[in-house]
Amino acid sequence: MKIIRVKINNKISNFKFLDSYYWINLNLPFLILVFIIKLNIVFLPNIKFRRCISQTQVIFLFFYGDFLYLRLLTKCIAIMNKIVTLDEFIIRTEKEKPHSSGSFSRLLRDIGIAAKIVNREVNKAGLVNILGVDGSTNSTGDDVQKLDVFANEKFIETLSYSGEVCGIASEENQDFIPVQTDKNKLAQYVVVMDPLDGSSNIDVNVSVGTIFGIYRRKSPAEGPCQLDDFLQKGTEMVAAGYVLYGTSTLLVYSSGNGVNGFTLDPSIGEFCLSHRNIQMPVAGNYYSVNQGYYLKFDLEMRRYIDHCSDLNYRLRYIGSMVSDIHRIMFQGGIFLYPNTRKYPKGKLRLLYECYPMAYLIEQAGGTAITCKLERVMEMDIHALHQTSSIAMGSRDMVKDMKEFVEKYGAVIQ
Ligand code: AFP
C-alpha cells in the first residue's frame, strides 16, 4: 500500500494505492464499461434527457470528469514510477514515525555513504595496488586483505563523524571501538559489522559484501559505551542490512518493517529503490553449503545434504555469505554453515554475521536457526567474536532440515 500526495487543480489530496499496476488492472475493466455506457448515451439521440442539451454539452458533461480522472491517474503513475533514492526513502519512513528525532535516518544514510566509498575501491581493486594480503591476521585468525583494512577504516571513519554512533564492533578489531567526539556525546546507537565479508574472493574478482546491524545503547548516554551495549541478542536489533558488491551494487536493509533493496546507479551515484518489500520464496531448490567439509559434519547434516542431492536441488556456494544469502533471498533455498570438527561451535560470527542475516531472513518471511535448532535471534551472546552454526532460508526447506536433525540427531555416530 502506498500513500501519495497529488496536486491537481491546486488542491492537494492524499491517495492510497496498492501499487500502480495492480491499481490499473483492478480499475480498467470498470472504466471501459462506464466509457461504453456513456458513448451509447451520447449517440442515442432519442433519450429524453438528450433532447434538452446539445451534443457538445453532453460530451463536456460526461467526459470532463474522465479527463480529470485520467490526469490524476497519469500524475499518480508518474509519481509512483519516479526514482526513489535511499535518502528519500529513509526520510519518508522516518516521517511515518511521529516522535523520531532523525538520528536513526542520519545513521542509515551514513552507512550508505561508506558503502559507496568501499564500492568505489572494490571496483577498482584490480587497477591499483590494493589487492592482496596485508600480512596481518584479524581477530579470528583469517588473513587480512588490504581491502578489508580499507573497508574497515572507511566505515569506522564515516560512522565516527556521523555523530549518531557511540561505539562500533567490527570483525577486523579484537575489541569494540568507543566513539567519543563532541558531536556524538548523546549518540544512542552502536553498530556491529563485518566490513568486507568473503574477502578471500577479492583476488579473483568474485562478489563480496558488508554486513551491519544496529543496536540502541543500553548504558547511560553521557558516558562511553560499554561491552554490554554490543552483547545484545538479535531480537534487540533495531536494523540490519548488507551491501553486495556484485555485478551491480545493492544495499538491502530492514528496520523491522519489511526488507527493501536499493541498487547503486553509478550514473547518479545514488542507491535507488529497486526491490520493494522483499519476500523470499517459501520453498526453493538451492542449497548452499561448503560440501568440501561433508565428512566433518554431524550425521544429521550429512543425511540432510544427501537428501538435497537426491532431490536434485542445485548446489551453489560462493564462499561469501552475503552473495549466498542474497541468492536464496530472491530465488529460495537454504544456506548452511554447520559445526565441523575444526569449528565445533560453527564458524560464522553471531554478532555481525548471523544476527543481521537472520534478522533480514525473518523479515523477508524465512527462518533462521542453528544446527542445534535454536532460533538464531534468541541465541545468548557472551563475546564479540562468538561463533555459531547456522541454517537459514526458505521456511519449508529449513523445516525439512529440522526434521532431519530431529530424526538423526540422537543417533550415535
Ligand atoms: P572470509 O571473509 O574470511 O572470506 O570469510 C567468509 C565467511 O565468513 C562467509 O562469508 C562465508 O560464508 C564463509 O566464511 C566461508 O567459509 P569457508 O571458506 O570455510 O566455506
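Both counts, for ligands and for their atoms, begin at 1 and track the order of listing. These values consider heavy atoms only, across backbone and side chains, with no hydrogens, waters or symmetry-generated copies.
- Of all atoms in ligand 1, numbered sequentially from 1 with element shown, those under 4.0 Å from a heavy atom of Ser199 are 1 (P), 2 (O), 4 (O).
- With a 4.0 Å heavy-atom cut-off, ligand 1 is reached by the backbone of Ser320 but not by any atom from C-beta on.
- Checking only distances, Glu171 never comes within under 3.5 Å of ligand 1, N or O to N or O.
- Which parts of ligand 1 touch Ser200 is read off a 4.0 Å heavy-atom cut-off, strictly below it: atoms 4 (O).
- Residue Val322 has no nitrogen or oxygen atom sitting less than 3.5 Å from a nitrogen or oxygen atom of ligand 1, judged on distance alone.
- The side chain to side chain donor-acceptor pair (under 3.5 Å) test applied to Tyr317 returns no partner, not counting sequence neighbours.
- Atoms of ligand 1 lying under 4.0 Å from at least one heavy atom of Gly319, given by number and element, are 6 (C), 10 (O), 11 (C), 15 (C).
- For the residue pair Asn277 / Asn260, no side-chain donor-acceptor distance below 3.5 Å is found, with atom types taken as modelled.
- A distance of 6.0 Å or more separates the ring centres of Tyr215 and Phe230.
- Side-chain contact of Tyr352 with His385: a donor-acceptor pair under 3.5 Å is present, judged by distance alone.
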Checklist line | Check against side chain to side chain donor-acceptor pair (under 3.5 Å), Asp110 and Thr158 | finding: CA-CA 6 Å; Asp110 289 337; Thr158 316; over 6 Å; no

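- For atom 14 (O) of ligand 1, the nearest non-hydrogen atom from the set Met357, Lys347, Met321 comes from Lys347.
- In this structure Arg375 satisfies the salt bridge (Lys or Arg N to Asp or Glu O under 4.0 Å) test together with Glu362, Glu378, sequence neighbours excluded.
- Listed by number with element, the atoms of ligand 1 under 4.0 angstrom from any heavy atom of Arg349 are 8 (O).
- Side-chain atoms of Asn201 and Tyr245 form no donor-acceptor pair, as typed in the model, at a separation below 3.5 Å.
- In the vicinity of Tyr337, heavy-atom distances shorter than 4.0 Å reach the ligand 1 atoms 16 (O), 17 (P), 19 (O), 20 (O).
- Between Phe262 and Phe271, a ring centre-to-centre spacing not shorter than 6.0 Å is recorded.
- For atom 10 (O) of ligand 1, the nearest non-hydrogen atom from the set Asp197, Val208, Thr340, Thr387 belongs to Asp197.
- With Tyr317, Tyr343, Tyr293 as candidates, the residue nearest to atom 20 (O) of ligand 1 on a non-hydrogen basis is Tyr317.
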